[in-house]
Number of protein chains: 2
Amino acid sequence: MRRLADAMGVQAGALYRYFATKQDLLTAMAERMVGSVVDAVDAVDAAGPTGDGDWSARVARLARALRTALLAHRDGARVFAGTHSTGPNTLGFAESLVGVLREAGFGDGEAARALYAVANFTVGHTLEEQAALRPGDGGLTDAGALYEATVAGTYPHLAATLPVLTTTDFTAHFEFGLRLLLDGLRAVRR
Amino acid sequence: MRRLADAMGVQAGALYRYFATKQDLLTAMAERMVGSVVDAVDAVDAAGPTGDGDWSARVARLARALRTALLAHRDGARVFAGTHSTGPNTLGFAESLVGVLREAGFGDGEAARALYAVANFTVGHTLEEQAALRPGDGGLTDAGALYEATVAGTYPHLAATLPVLTTTDFTAHFEFGLRLLLDGLRAVRR
DNA sequence: ACCTGAACACCGTTCAAGT
DNA sequence: ACCTGAACACCGTTCAAGT
């Protein structure tokens, strides 16, 4: 709060004329972060000349746009996960994703739960991705620590998959998980 | 740190004889939290008299055990997501999940990425679940705020799915997402 | 070897007082 | 109406000094 106030040439206490708490400020930041998501996806949906109208392609675009929006800001995923905006951008994202699925023939329960599954996976993934990119903390993907623990302990399966586990290609990891969810939705659809 | 030290009848500074930073303490807590996961699942795997040896059932048990372990502690998901233990419990969980999939015929890349997908979804879901259960913060599932925003704005799809969106049956939400991932893995397997 | 006491440089938040 | 100045009750962390 003091740092933000400094950047605005003001005292920290002055911020409390606009936001009741730091949490409220963070919620407003989260709402702003996802502002680009729905608009960007709608534009592609409207302009798509090929088979881009497919429900699974639309859901994929929404998920990718959410990840991209979070990645565009330092600690974006952590801010988003730690707040719960009910503003038009956040609700608009939910409305779009649920809408795509309902119009594709999914039931209300399936559409609502698919929203949660896709959103929670996307946020969980991006949380991990941004943590791994932070200096001095690489998570499970910290090749050094994982490698040592792997050769020291007895983890044959981790040893065999080390190259993939320590890859920094987070886009590939994200796309794999997203594909699992979409293939799963296709199976649910009967 | 001061509160923990108080509970131990000691000064806060004394804790730094055992952990270099608060982060290290939290990492040790996360490692301890998941201690029960692998053992519990292994016991079921060994004792299962029916078709419980199925790879998808084993992965499901691992994911459920992780969620249960996180739910058993206040802010369990947040602590787990905010740290990156390379201790035997955390690596043992990864080893088990990757092992089940590799032995079921999945490739190294698929197994490693499936681990990330399942773990990130589980942590993302439980983060949301524990946030919703905290007082004064219900997230998207806060029926009141969501209801008002829904009738005020123009969100027909959210309005139609409100009953499901505001359900407090988080187990059902979790199971749905988990099923999507497992069905997706079945599809990947060719 | 382990802990105390005390400090350092911070936090989020409040509120009388100014203009 | 909006901001300052100053405080309150905290933080994580360090470190000489004790035993």
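Protein chains get the first letters and strands the later ones, always in sequence-line order, with residue 1 at the start of each. Note that the structure is a prediction, hence the values are computed from the model and not measured.
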Between B:R2 and B:A12, the two heavy atoms sitting closest are CG-CB, 3.7 Å
On a heavy-atom basis, the closest approach of B:E31 and B:S85 is OE1-OG, 2.7 Å
- Item | Distance flag, aromatic centroids of B:F121 and B:F174, threshold under 6.0 Å | yes
Contacts of A:G9 and A:R2 projected onto DNA chain D by closest heavy atom; the upstream (5') one is A:G9
| task | Treat each ILVMFWY residue as a node, draw an edge where side-chain heavy atoms are under 4.5 Å apart, and state whether A:L127 and B:L71 are in one component. | result | no
Starting at atom [atom1] of [X], determine the distance to atom [atom2] of [N], rounded to an integer number of angstrom.
X: A:K22; N: C:dC11; atom1: NZ; atom2: P; result: 9 Å
X: B:L4; N: D:dC11; atom1: CG; atom2: P; result: 12 Å
X: B:M8; N: C:dC3; atom1: CE; atom2: P; result: 8 Å
X: B:Y16; N: C:dT4; atom1: OH; atom2: P; result: 15 Å
X: A:D6; N: D:dC3; atom1: CG; atom2: C1'; result: 14 Å
X: B:Q11; N: C:dC2; atom1: CD; atom2: P; result: 18 Å
X: A:D24; N: C:dT13; atom1: CG; atom2: P; result: 9 Å
X: B:L15; N: C:dC3; atom1: CG; atom2: C1'; result: 11 Å

Note to self: Any heavy-atom pair between the side chains of B:V41 and B:F93 that's under 4.5 Å?
What the structure shows: no
Report which part of the nucleic acid A:Y18 touches: base, sugar-phosphate, or nothing (heavy-atom distance under 4.0 Å, all strands).
-> sugar-phosphate
Next item on the list: Classify the ring geometry between B:W55 and B:F106 as parallel (under 30°), tilted (30 to 60°) or perpendicular (over 60°).
Entry: perpendicular
Of D:dT4, D:dT13, C:dC3, the nucleotide closest to the side chain of B:A14 is C:dC3
Looking only at C:dG12, D:dC11, D:dT4, the nucleotide nearest the A:M1 side chain is C:dG12
Only residue of B:T122, B:T126, B:T171 satisfying side chain to side chain donor-acceptor pair (under 3.5 Å) with B:R67 is B:T171
Between A:A20 and A:R3, whichever has its closest DNA chain C nucleotide further toward 5' is A:R3
Between A:R17 and A:A12, whichever has its closest DNA chain C nucleotide further toward 5' is A:A12
For DNA chain D, the dot-bracket notation using Watson-Crick and G-U wobble pairs below 3.5 Å, [ ] for pseudoknot-type crossings and | for other-strand pairs, is ||.|||||...|||||.||
